[in-house]
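Scroll down for the structure; my scribbles are underneath it.
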Amino acid sequence: MASLWALLGLCCLEAPMVFSVPPIESQPEQVHISYPGVTRSMVITWTTFNKTESLVEYSMWGGKLFDLKAKGTSTIFEDGGSEKRKLYIHRVTLLDLRPGSAYVYHCGSEAGWSDIFYFTALNESTTWNPRFALFGDMGNENPQSLARLQKETQIGMYDAILHIGDFAYDMDEDNARIGDEFMRQIQSIAAYVPYMTCPGNHENAYNFSNYRNRFSMPGNTESLWYSWNIGSAHIISFSTEVYFYLDYGVDLIFKQYEWLKKDLEEANKPENRKARPWIITMGHRPMYCSNDDKDDCTEFQSYVRLGRNDTTPPAPGLEKLFYLYGVDLELWAHEHTYERLWPVYGYKVFNGSTEEPYVNPKAPVHIITGSAGCREKHDGFIPKPRDWSAFRSTDYGYTRMQVLNRTHLYLEQVSDDQYGKVIDSIWFVKENHGVAAWL
């Protein structure tokens, strides 16, 4: 009888050996788009692993394919890990787009092109009613909501995605290879609709360098804080992390606060508030939550809510600022749960009425949506909810939002555990906006 090793040797002679194919370093990947805050435009961002040109070929849907071309630039991102890996981040801004029209595009260079994708240029009317998916805390392990979001995005259910911090878990891991993998995963969403972001605590490595380099948000603050307009809403994204990573600069708390104040002042000018009455904020760590951990939101003296007294000078919190400038809706994540609050300010409930709490409330509404799915799984709740807690769920899922008009906004929570069932919903109605609405 032939020996096992002899048989294995014969097999090896009969079948060719198969080797893994190394990646083509000039091939575009991790494609995603974002709205740069400039009318009639869209930014296409992607990654290669060696230096190439930064080109986008595109055309209106139904027209001659790729009859338009735009050129951009690339920057080298060196990860802070032990290997000091270098990535080339490419950015191309498409200008003079026709609002509301669909476009087909691919990106890359003659050294390699991406797949073909499509997007719709944002409608710039203040009477348009945009649709959003909202979530935070989605990793590349256990991203349970991803498949449903992929399908819903590609069939046109959303006009923009708001990812409210915490990506990949973590983008810096394995010398930023986890970041690469995550960006490949979300390409199936982010290459089709503007993928708008804010930083979370899981992005903190190397001074948030993976976050700051990989995303392309409006303004010139490396995506840390910015604002943009869509439909009848003014959306403000900011960093709660400036309150927690003081080694990166206590001054960031004050810089952001002053920027927020100026942005809110501008948004509240009568002509601006009339055109875009809804002011919506998104930041990672909530001011309030009824979870059973020791996070900032479980403490009455929340840093995000009330500020810090252990800095020089004391650092201001954000609750009073947002209240004084009439912020309507505050979106959060961080807790791996979903929680809807009654209208709240200063730990007190200010419902519009007993029968219709979200009709003309006297304080902002808070939504916590951090249950998209990650390797850290769920967080728990304290047994008895706080007086300001209206609805809680530990199901994996995400939130949908539609800004219908200047007075009506709709929110609903989707449970991925229950196969896409809507487990919570509210109509948020405001006949008046601004600080006068609280009176």
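Quick caveat, the model's predicted, so the values are computed rather than measured.
- With no hydrogens or angles considered, a side-chain donor-acceptor pair links Thr407 and Asn405 at under 3.5 Å.
- In terms of modelled atom types and a separation under 3.5 Å, the side chain of Asn268 and the main chain of Glu265 share no donor-acceptor contact.
- Residues Glu339 and Ser389 approach most closely at OE2-OG, 2.5 Å, considering heavy atoms.
- Listed here is the closest heavy atom pair of Tyr325 and Arg273: O-NH1, 3.2 Å.
- For the pair His90 (side chain) and Trp46 (backbone), a donor-acceptor distance under 3.5 Å is absent.
- Atom SG in Cys374 sits 13.0 Å away from atom CZ in Phe167 (nearest 0.5 Å).
- Side chains of Glu173 and Asp170 form a contact here, defined as non-hydrogen atoms less than 4.5 Å apart.
- Between the side chains of Glu319 and Tyr288, at least one donor N or O sits under 3.5 Å from an acceptor N or O.
- The backbone N or O of Trp259 lies less than 3.5 Å from no partner atom in the side chain of Asp263, so there is not a single donor-acceptor pair.
- Residues Asn140 and Ile178 are in side-chain contact: their nearest non-hydrogen atoms beyond the backbone lie under 4.5 Å apart.
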Run the side-chain contact (heavy atoms from CB on, under 4.5 Å) test on Met157 and Ile155 for me, step by step, so that the C-alpha distance in whole Å, both residues' side-chain angles and the decisive distance to 0.1 Å come before the verdict. CA-CA 6 Å; Met157 285 182 63; Ile155 65 174; 4.0 Å; yes
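- One N or O on the side chain of Asn272 and one on the backbone of Glu266 form a donor-acceptor pair closer than 3.5 Å.
- Other residues, nucleotides and ligands place more than 12 heavy atoms under 6.0 Å from the CH2 atom of Trp427.
- With hydrogens and angles ignored, the 3.5 Å screen pairs no side-chain donor or acceptor of His334 with any backbone N or O of Gly136.
- Salt bridge Arg131/Asp159: present, at least one basic N to carboxylate O contact under 4.0 Å.
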Using distance only, find each side-chain donor-acceptor pair of residues 191-199 under 3.5 Å and give its atom names and separation, not counting sequence neighbours.
{"unit_1": "Tyr195", "atom_1": "OH", "unit_2": "His163", "atom_2": "ND1", "d": "2.7"}
{"unit_1": "Thr197", "atom_1": "OG1", "unit_2": "Tyr211", "atom_2": "OH", "d": "3.0"}

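- Relative ring orientation between Tyr245 and Phe208 is described as perpendicular, the plane-to-plane angle rising above 60° on a 0-90° scale split at 30° and 60°.
- A donor-acceptor pair shorter than 3.5 Å cannot be found between the side chains of Tyr396 and Gln418.
- Remark: Thr126 OG1 to Lys274 NZ distance equals 10.0 Å, nearest 0.5 Å.
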CA sep, side-chain torsions, deciding dist, call: Leu409, Leu329, side-chain contact (heavy atoms from CB on, under 4.5 Å): CA-CA 10 Å; Leu409 184 150; Leu329 177 63; 4.1 Å; yes
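- At a threshold of 4.0 Å, the pair Glu241-Arg285 counts as salt-bridged, since one of the basic side-chain nitrogens sits closer than that to a carboxylate oxygen.
- When each of Thr394, Asn291, Asp379 is paired with Thr337, the side chain to side chain donor-acceptor pair (under 3.5 Å) condition holds for Asn291 and for no other.
- Between the side chains of Ser188 and Gln150, at least one donor N or O sits under 3.5 Å from an acceptor N or O.
- Between Arg212 and Asp172 there is no salt bridge, since no side-chain N of the basic residue sits under 4.0 Å from a carboxylate O of the acidic one.
- The shortest distance between side-chain heavy atoms of Tyr338 and Asp424 falls below 4.5 Å.
- In this structure, Arg184 pairs ionically with Glu181, as a charged nitrogen and a carboxylate oxygen lie closer than 4.0 Å.
- Without hydrogens or angle criteria, Asp137 side chain to Asp166 main chain gives no donor-acceptor distance under 3.5 Å.
- A donor-acceptor pair under 3.5 Å is absent between the side-chain atoms of Ser59 and the main chain of Gly63, judged by distance alone.
- Distance alone, capped at 3.5 Å, is enough to place a donor-acceptor pair between the His433 side chain and the Arg406 backbone.
- Looking at heavy atoms from C-beta onward, Arg308 lies out of side-chain contact with Pro314 at the 4.5 angstrom threshold.
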Solution key, residues 115-123 side-chain donor-acceptor pairs under 3.5 Å, sequence neighbours excluded:
{"unit_1": "Tyr118", "atom_1": "OH", "unit_2": "Gln154", "atom_2": "O", "d": "3.0"}
{"unit_1": "Asn123", "atom_1": "OD1", "unit_2": "Ser125", "atom_2": "N", "d": "2.9"}

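- The aromatic rings of Trp388 and Tyr347 stand perpendicular to each other, their planes meeting at an angle above 60°, with 30° marking the opposite boundary.
- Between the side chain of Ser26 and the main chain of Ala111, a donor-acceptor pair closer than 3.5 Å is present.
- Minimum interatomic distance between Ser74 and Thr52 (heavy atoms only, all atoms of both residues): OG-O, 4.4 Å.
- Counting heavy atoms from C-beta outward, Val31 and Thr45 have side chains that stay 4.5 Å or more apart.
- The minimum heavy-atom distance between Gln27 and Thr48, with the atom names listed, is O-CG2, 3.9 Å.
- Taking the ring centroids of Trp278 and Phe428, they lie under the 6.0 Å cut-off.
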Mind running salt bridge (Lys or Arg N to Asp or Glu O under 4.0 Å) on Arg85 and Asp79 for me, showing each step along the way? CA-CA 5 Å; Arg85 289 180 67 232; Asp79 174 62; over 6 Å; no
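- Gln413 and Thr399 form a side-chain donor-acceptor contact under 3.5 Å, judged by distance and modelled atom types alone.
- Contact of the Pro343 side chain with the Tyr358 side chain is registered, since non-hydrogen atoms from C-beta on lie closer than 4.5 Å.
- If you take SG on Cys289 and CG on Asp295, they are separated by 6.5 Å, rounding to the nearest 0.5 Å.
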Ring pair (Phe, Tyr, Trp, His ring centres under 6.0 Å) for Tyr105 and Phe66? Distances and angles first, verdict last. CA-CA 7 Å; Tyr105 75 97; Phe66 303 147; 8.9 Å; no
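- Contact between Phe135 and Met138 at its shortest, heavy atoms only, is CE1-CE, 3.7 Å.
- Remark: the backbone N or O of Met401 is not paired with any side-chain donor or acceptor of Glu412 at under 3.5 angstrom.
- More than 12 heavy atoms of other residues, nucleotides or ligands lie within 6.0 Å of CZ in Phe300, so this atom counts as buried by the packing criterion.
- A donor and an acceptor atom, one from each side chain of Asp180 and Gln30, are located under 3.5 Å apart.
- The shortest distance between side-chain heavy atoms of Gln256 and Phe238 falls below 4.5 Å.
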Determine whether Glu53 and Lys71 satisfy the following criterion, salt bridge (Lys or Arg N to Asp or Glu O under 4.0 Å), listing intermediate values before the conclusion. CA-CA 8 Å; Glu53 283 193 286; Lys71 187 173 183 178; 3.4 Å; yes
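- Side-chain contact between Lys151 and Leu149: absent, with no pair of heavy atoms (C-beta onward) separated by less than 4.5 Å.
- For CG of Asp310, the number of neighbouring non-hydrogen atoms (other residues, nucleotides, ligands) closer than 6.0 Å is greater than 12.
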Take Asp67 and Lys64, measure what salt bridge (Lys or Arg N to Asp or Glu O under 4.0 Å) needs, and give me the verdict at the end. CA-CA 6 Å; Asp67 62 341; Lys64 182 181 178 182; over 6 Å; no
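- Classification of the Tyr169-His336 ring pair by plane angle, with boundaries at 30° and 60°, yields perpendicular.
- Nearest heavy atom pair, residue Val92 against residue Gly72, reads CG2-N, 3.5 Å.
- Under the 6.0 Å cut-off for aromatic ring centres, His106 and Tyr58 do not qualify, their centroids lying 6.0 Å or more apart.
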Chi angles and distances behind the side-chain contact (heavy atoms from CB on, under 4.5 Å) call for Glu330, Phe322: CA-CA 9 Å; Glu330 302 182 27; Phe322 289 174; 3.7 Å; yes
